[in-house]
2 protein chains.
Amino acid sequence: MQTNCKTCPFKTKATSMLCDCSLESLTNNHLELKLKKGDSIIKQGMYSTNVVFLRTGLAKIHLAGPYTEQIVKMVNAPSYLGLPTTFGSKINQYSVTAVSDVEVCFIDLEVFQTILDENKEFTREIIQEFCKNELEYFHRCANRTQKLIRGNMADALLEFADNIFKTDTFILPLSQAELANLIDTSRESVSRVLSEFDKDGIVRINGKSIEILNKKSLQLISQNG
Amino acid sequence: MQTNCKTCPFKTKATSMLCDCSLESLTNNHLELKLKKGDSIIKQGMYSTNVVFLRTGLAKIHLAGPYTEQIVKMVNAPSYLGLPTTFGSKINQYSVTAVSDVEVCFIDLEVFQTILDENKEFTREIIQEFCKNELEYFHRCANRTQKLIRGNMADALLEFADNIFKTDTFILPLSQAELANLIDTSRESVSRVLSEFDKDGIVRINGKSIEILNKKSLQLISQNG
DNA sequence: TAGACAATGTGATGCATATCACAAAATAAA
DNA sequence: TTTATTTTGTGATATGCATCACATTGTCTA
């Protein structure tokens, strides 16, 4: 479903029927931005009347837990962010921060709502995305809490390799402290487990660069705990 | 938005515009059932081409974790269940089981899809529901893993009282073993914490009957951990 | 090229809670 | 009612991991 649109910024092979520019309303109702790694895209607690389209790059969704900030999801482009705010209180309930350089479009929520109303295909895709995410959360709930740290770390590495970067050699986009927030553990444990994996020849670590040497082992560790 | 419909079974004050029976397609395309406590509504791993409307009663969504079955969400009527299956593989990715007697309607997914296409209001409500749930999962991720058992138990009791039964005196719909699966702990710890709460005068427990005596305390315990 | 600050490695210690092991009670079945 | 089965209460023990403490390395800035 690649639709390289000439008049609007959505030139991506997205989930997005937005690129069907019969939706000319969009062309005049968005703000396009390039943001740098570390920049805030959505800030918890702030008022907002926009949906954000993450056009390129990688971001983390995170929010304040009772003690520390928790990363609940990594999101790579293309993806829509901030919908719950749109339909809810207009106060952002979570933060989104770029972990790579990103391109984003801010779309007025009323415009977005109109598009939803007028475009069945797009609506269907959005709902499908929600369904996919819901399943992800369910599995996360069932897995994260039952597995030991090694299992969760294995899952995180496999997720980066298989779903996010789609290669077994990549640069970790998160610090060890952030990784700890993602897999519900402490910074120190992340450090220990990573060097264990390296020592056991499962991965090769070089600063922030990671190469997965033995994916089968990782999958086994993921299953055992 | 109460619409007591005469021709279709959806006579509930639902999220549901389905009761707007301009949707006569529905009237002839559903199966209505009364199920008993403990009956399975949706079974993980089974093929299905239905969405389920939970008309009355209370259910639990649960799925197989690496070690034990995990309860990921309690759902009370009115609510739609099984949408991810609809839009996904048609193999149920989770189970839903009645924890009280329930009334459910099985709706063919093509009929459901048609309704979505034809009814903007309904679609909007469904999306809103997804958004609400997503926020719930995020908060669950951030809370459940950071809090101690007492905090999670306090949350569960407050959830039952405030959101599910809407009264401070209720009958626990789950066994202690199920409660343990809900708040990520062991059966024994559930037993211990509940009797602690009782001993401290925070709740009064009598078999499965629970009365919350000191809600402020529960909220404090929830915050501290 | 220094100096400062952030990110990482690694040992020692403590603690929350899982697990094991039964007893007691409640519920279901016969 | 009696028997069988599930649910619950409670102690003792084991353990995975958080926390603390500090050394080391890496990275930015002036």
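Just so we're clear, the structure is a prediction, and the values are computed from it rather than from any experiment. Letters A, B, ... mirror the listed sequences (proteins, then strands); counts begin at 1. Heavy-atom basis, side chains included; hydrogens, waters and symmetry copies ignored.
- B/Arg187 and B/Ala180 get closest at one heavy-atom pair: N-CB, 3.6 Å.
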A/Phe112 vs A/Tyr80, test: ring-ring contact (aromatic ring centres under 6.0 Å, His included). Steps then yes/no. CA-CA 11 Å; A/Phe112 190 80; A/Tyr80 289 90; 5.7 Å; yes
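- In summary, the side chains of A/Ser222 and A/Lys147 do present a donor paired with an acceptor at a separation below 3.5 Å, with no hydrogens or angles considered.
- Side-chain proximity of B/Lys208 to D/dC17, D/dT7, C/dT8: nearest is D/dT7.
- Phosphate proximity of C/dA18 to B/Ser189: present, with a side-chain N or O under 4.0 Å from OP1 or OP2.
- Taken to the nearest 0.5 Å, the CD1 atom of B/Ile205 stands 10.0 Å off from the CG atom of B/Leu213.
- The base of C/dT17 does not come close enough to the side chain of B/Arg187 for any donor and acceptor atom to sit less than 3.5 Å apart.
- Taking atom CG of B/Asn152 as the reference point, atom P of C/dA18 lies 11 Å away to the nearest angstrom.
- Counting to the nearest Å, the C1' atom of D/dT13 and the CD atom of B/Glu188 are 13 Å from each other.
- A/Asp184 has its CG atom 15 Å from the C1' atom of D/dG16, to the nearest Å.
- Rounded to whole Å, atom C1' of D/dT10 lies 15 Å from atom CG of B/Asp198.
- At a threshold of 4.5 Å between non-hydrogen side-chain atoms, the residues A/Gln70 and B/Thr145 count as touching.
- Atom-to-atom, CZ of B/Arg150 to P of C/dC15 comes out at 17 Å; the value is rounded to the nearest Å.
- Residue A/Glu196 contributes atom CD, which lies 17 Å from atom P of C/dT8 at whole-angstrom precision.
- For the pair B/Leu148 CG and C/dG14 P, the interatomic distance rounds to 19 Å; values are reported in whole Å.
- With hydrogens and angles ignored, a donor-acceptor pair closer than 3.5 Å exists between the side chain of B/Arg192 and the base of D/dG11.
- Contact annotation: B/Ser195 reaches the phosphate of D/dT10 (side-chain N/O to OP1 or OP2, under 4.0 Å).
- Contacts with DNA chain D (heavy atom under 4.0 Å) in residues 167-180 of chain B: B/Ser175, B/Gln176, listed by number.
- At C/dT17, none of the side-chain N or O atoms of B/Thr185 fall inside 4.0 Å of OP1 or OP2 (strictly under the cut-off).
- Between A/Phe165 and A/Phe170, the ring planes lie parallel to each other; the angle is under 30°, not in the 30° to 60° tilted range.
- Here the C1' atom of nucleotide C/dT19 and the CD1 atom of B/Ile149 are 13 Å apart, to the nearest Å.
- Relative orientation of the A/Tyr137 and B/Tyr137 rings is tilted, given thresholds of 30° and 60° on the angle between their planes.
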